[in-house]
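This is a predicted model, so every value here is computed, not measured. To find a chain, count down the sequence lines: A is the first, B the second, and so on, and within it residues start at 1.
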Protein chains: 2
Amino acid sequence: MPQSTEISSLTINRLSVYLRGLRALQSQNIQRISSSEMARRFQLSAAQIRKDLAQFGELGIRGVGYDVSHLRQKLESQLGLDREHRAVIVGAGNIGTALARFPGLNSGSFKVVALFDNDPSRIGDDLGELKVSSSQDLKAVVRETGAEMAILAVPAEAAQENYEALADAGIKAVLNFAPVQIKERPETRVKTVDLLIFLEELASTLR
Amino acid sequence: MPQSTEISSLTINRLSVYLRGLRALQSQNIQRISSSEMARRFQLSAAQIRKDLAQFGELGIRGVGYDVSHLRQKLESQLGLDREHRAVIVGAGNIGTALARFPGLNSGSFKVVALFDNDPSRIGDDLGELKVSSSQDLKAVVRETGAEMAILAVPAEAAQENYEALADAGIKAVLNFAPVQIKERPETRVKTVDLLIFLEELASTLR
DNA sequence: GATTGTGAATAGATTCACAGCT
DNA sequence: AGCTGTGAATCTATTCACAATC
């Protein structure tokens, strides 16, 4: 039964987890798996997995389980990972350069195509495949490369204005590492990841 | 009315957001604020803010609002941020070194006291205040420094074993950046932050 | 016999709306 | 008059349990 209603972000995040697991299974040449076996492997409930998966059709075979490769393809297309997504990084400080070098961002469906900074002393620096470009060239580079996504790794004060520039350049989705609430425009989604909040959550368990 | 029941992690995360906002207010010398004004400033609902805050006592004054400084202290103590938390970083690769240099981790209640790697060629490298230490010294350094928290920034394959070593060394809470499900021990909490999952969530909106 | 897909039950989180203070 | 604290209502998510299917 195809989904009529929007899939929640909680579910989407679990799909990513399932996908990761399925890839691992495939590399071990495992072709079929049951929901309960998946549940055991990645600490979730079998009913939850079945509910999640049932949202986009009858993917499993009753009495048998799920076909690993078929399920993987289905999840990839559902998550929009069946094609390449080009991304730019804005901010060539610690986090920006670390992410630019992070292998996970250049394998699979994501590809970092540019790294921007507005500090003239950084422009031109070499990072493997990439050179640091001037923020002034943002619009042109986005147009040329067809980038749709951006990672925002600038200081908190500069986050909103850089978000605006990204939205103006036609970027559709932004992963923001600055610890501020970005005022969002309808055409450019933001997801903020605040590392301190994670640490604070952990600290609160240390009472 | 004091909380009898556990506070959910959703709530804890919002408390961090409130706290951040309160600090900003305080630096603008604002002494009192209402739930609706907080809601306006950081895009949340006023009722939610009141519910969250009411969990640990009658913090506000009816007809008036909340006292910024009092509320801030209360939240800090609730989140365990009224004292210093020492943390070690394991893994001096891209992400580990970026975090070691990240100012947010050394202001406020957190302090990075050591950075470990098991690659001999990296040991001894200088990073501002810190030198890269050998993973073999983990236990001793944790004992000497009194670190309670750790940031795990090693490759996926090495994450579980390093977690075990941290748990053995007496670390109580671990923020894990490796894209794997860590098998947790009761005495050492883990929070996994998987950057690819965030990107995948964004990508799924780009259909 | 095994395992999915799913309606019903439960649990959890958010919003509403208003009584109760200041 | 204004704003908090909170029970009740609503909405969302998870788990249960079993009929349907292979």
## Note on the structure
Separation of dA8(D) atom P from Lys51(B) atom NZ, nearest Å, is 11 Å
### Query
Rounded to the Å, how far apart are Gln43(A) CD and dT15(D) P?
14 Å
### Query
Is the phosphate of dT14(D), meaning OP1 or OP2, less than 4.0 Å from a side-chain N or O of Arg14(A)?
yes
### Query
If you check every side-chain atom of Arg62(A), which of dG5(D), dG7(C), dT4(C) has the closest atom?
dT4(C)
### Query
Within less than 4.0 Å of OP1 or OP2 of dT15(D), is there a side-chain N or O belonging to Ser45(A)?
yes
### Message
Quick check for you: among dT4(C), dG7(C), dC21(C), whose closest atom lies nearest to any side-chain atom of Ser34(A)?
### Response
dT4(C)
### Message
Measure CD1/Ile33(A) against P/dT3(C) and give the value in whole Å, please.
### Response
11 Å
### Task
Remember a base hit wins even if backbone is also touched, and classify Leu59(B) as base, sugar-phosphate or nothing at under 4.0 Å, heavy atoms.
sugar-phosphate
### Message
Are there over 12 heavy-atom neighbours, none belonging to Arg23(B), within less than 6.0 Å of that residue's CZ?
### Response
yes
### Message
If I take atom CD1 in residue Ile49(A) and atom P in nucleotide dT3(C), what distance separates them, rounded to the nearest angstrom?
### Response
14 Å
#### Entry: Within 6.0 Å of CD in Gln136(B), more than 12 heavy atoms from elsewhere
no
### Message
Between P on dT12(D) and CD on Glu6(A), what's the gap in Å once rounded to a whole number?
### Response
12 Å
### Message
Using every non-hydrogen atom in the two residues, find where Ala159(B) and Val180(B) come nearest and quote the distance to one decimal.
### Response
CB-CG2, 3.6 Å
### Message
At less than 4.0 Å, is any side-chain N or O atom of Ser35(B) found next to OP1 or OP2 of dT4(D)? Yes or no.
### Response
yes
### Query
Around atom CZ of Arg189(A), are there more than 12 heavy atoms of other residues, nucleotides or ligands at under 6.0 Å?
yes
#### Entry: Residues in ring pair (Phe, Tyr, Trp, His ring centres under 6.0 Å) contact with Phe102(B), at least two apart in sequence or another chain
none
## Note on the structure
Picking from dT14(D), dT22(C), dG5(C), the nucleotide nearest the side-chain atoms of Leu10(A) would be dT14(D)
### Message
Give the residues of residues 63-75 of chain A touching DNA chain C, defined as any heavy atom closer than 4.0 Å, sorted by residue number.
### Response
Gly63(A), Val64(A), Gly65(A), Tyr66(A)
## Note on the structure
Heavy atoms of Asp194(B) and Pro179(B) approach each other most closely as OD2-CB, 3.3 Å
### Task
Can you tell me the distance, in whole Å, between the CD atom of Gln55(B) and the C1' atom of dT6(D)?
12 Å
### Task
Starting at atom CZ of Arg50(A), determine the distance to atom P of dT14(D), rounded to an integer number of angstrom.
15 Å
### Distance below 4.0 Å between Ser36(A) side-chain N/O and dT3(C) OP1 or OP2
no
### Query
According to a strict under-4.0 Å criterion, is Gln48(A) in side-chain N/O contact with OP1 or OP2 of dT15(D)?
yes
### Query
What integer distance in Å separates Glu58(A):CD from dT6(C):C1'?
10 Å
### Task
Please check the phosphate of dT12(D) (OP1 and OP2 only) for any side-chain N or O of Ser8(A) closer than 4.0 Å.
no
### Task
Check the pair Glu129(B), Arg101(B) against side chain to side chain contact (heavy atoms under 4.5 Å, CB included), reporting the backbone distance first and the verdict last.
CA-CA 9 Å; Glu129(B) 316 254 286; Arg101(B) 290 203 186 95; over 6 Å; no
### Query
Does the Gln26(A) side chain pair with the main chain of Val68(A), one donor and one acceptor, at a distance under 3.5 Å?
no
